[in-house]
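Have a look at the structure below before the remarks.
In what follows, chains carry the letters A, B, and so on, assigned in the order in which the sequence lines appear, proteins first and then strands, with residues in each chain numbered from 1.
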Protein chains: 2
Amino acid sequence: MPERSAPVGVFDSGVGGLSVIKALVERLPHEDYIYLGDTARLPYGTKAKSTIVRFSIENAEFLLSKGVKLIVVACNSASATALDALRARFDVPIVGVIRPGAEAAVQATTSGSIGVIGTEATINSGCYEQEILRLRPGAHVLGKPCPLFVPLVEEGWLDDPITRQVAERYLSAFRAPRVDVLILGCTHYPLLAGVIADVVGPQTAIVDSASTVAAAVEGLLLRMSLANDTNSPGTHRFYVTDLPAKVKRIGRMFLGIDDLSIELVRLGSN
Amino acid sequence: MPERSAPVGVFDSGVGGLSVIKALVERLPHEDYIYLGDTARLPYGTKAKSTIVRFSIENAEFLLSKGVKLIVVACNSASATALDALRARFDVPIVGVIRPGAEAAVQATTSGSIGVIGTEATINSGCYEQEILRLRPGAHVLGKPCPLFVPLVEEGWLDDPITRQVAERYLSAFRAPRVDVLILGCTHYPLLAGVIADVVGPQTAIVDSASTVAAAVEGLLLRMSLANDTNSPGTHRFYVTDLPAKVKRIGRMFLGIDDLSIELVRLGSN
């Protein structure tokens, strides 16, 4: 049984999962966090399932070597593909990003019409739709890939007239009454939540996967008596498998901190 | 010695190299073409050099199994990394995209100040700068990654107000007299040549790597007496290693033809 004082581990194929770290720190500030971004092998979404499972196991083994008590899979492709394999192999609780988002959307919808936006790989996989239909058979799910949103976030063009025009073009189909809930099914998108909410209007609730995952982690830690009971602020350590200049810049933007220290590690065959 | 009637082979990590096919067909309409897009393993730019070399060899072996007389490496990362390995291993002429673009830019510049735009991987690799400085020591090379251009092209937003605003933000530094030549160092960018030329203005010459490669291929085929001497229009066959829905849509857009038939092949470990 892990210790309450052990850190929470989070992995993603890149830096997008830092939005989950940000939401976790806001909700659970006394936990310590270990983050791994597998930047050398991204993107996962376009790879074979067996490859995504293998990479996910290597990522989880790395986090477990750092003594984590719980693992958050902050990557949509790995959440859709590798959760069962990870749970079969490792004893610590494993939390993905898809089910918490789908649950929050099903709770929030009145009409049963739910929108999902994400990368092309996430939307084409139908992973949110499957989870929503499992929770609420008969729900209507409208998915749309928004491939410009990730590079817009990575350029730092967050509150920007160009981003607003792109959002208007992508999201016109998600205004009420077409859907009453919109899931941000990509860990980059919370940084665009303001623009997205403006565009779809107040009648469409936004479900942000980062904060729903943080809520799920809090619930799990409390139920399993694994929440850190210290009163001091937690620590954070960030690892990536490749460290181009943009990773630090984007990491600082995601976390809103300037003195971000990131360590390079080598995993598997990279 | 290959036959004059043998096809020309072109490979890329994805569909961008289809802009090279289009330029080749315009310049050399009597040749037959075999195209391979390694869509299952893209992008190459973020991968280790040894991996890019291995993938490039597998791609070349596939094209040679189809009897090609010449191979165009229509991928910037493979051109920067794998040309020597390919030339050492295979007997057919191998043409990359970087040297023809660099040569055309050096011929076109008066001031010696040359701009290069491309993906983050291409610009950070410095491959165009090295080639330009080898051809013209003392040249001043100004590189800028334009990460939104590829997804804008793949969305089909070519002559579009959003694309124009993005181009204005990226390219303001390339207006004369800062540079007098701008190299489009990515095979997606020829589709944005009109917008890019408008934004940088008539004092900055645009060097489009697709048409410079086509000119290099024509010169090589003539010098080696390998040009097809038929009068009938050539044929084209397109292969990819993964075939999501978007590949056909984007392929049609690149080539400007509606009845595009693409075959799926499996290479190496995919």
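For Tyr170(A), the part lying under 4.5 angstrom from a heavy atom of chain B is the side chain only. The contact between Glu155(A) and chain B is made entirely by side chain atoms (from C-beta outward), counting heavy-atom distances below 4.5 Å. At a 4.5 Å heavy-atom cutoff, Glu154(A) makes no contact with chain B through either its backbone or its side chain.
Heavy-atom minimum distance, Pro151(B) versus Pro151(A): CG-CG, 3.8 Å. The two atoms that bring Asp160(A) and Arg169(B) nearest to each other are OD2-NH1, 2.5 Å, heavy atoms only.
Contact annotation for residues 184-200 of chain B against chain A (heavy-atom separation below 4.5 Å): no residues qualify.
Taken from OG1 in Thr51(A) to CZ in Arg41(B), the straight-line distance is 11.5 Å, to the nearest 0.5 Å. Considering CG of Leu148(B) and CG of Leu152(A), their distance stands at 5.0 Å, rounded to 0.5 Å.
Within a 6.0 Å radius of CZ in Arg164(B), more than 12 heavy atoms belonging to other residues, nucleotides or ligands are found. Heavy atoms of other residues, nucleotides or ligands lying less than 6.0 angstrom from NZ of Lys66(B) number more than 12.
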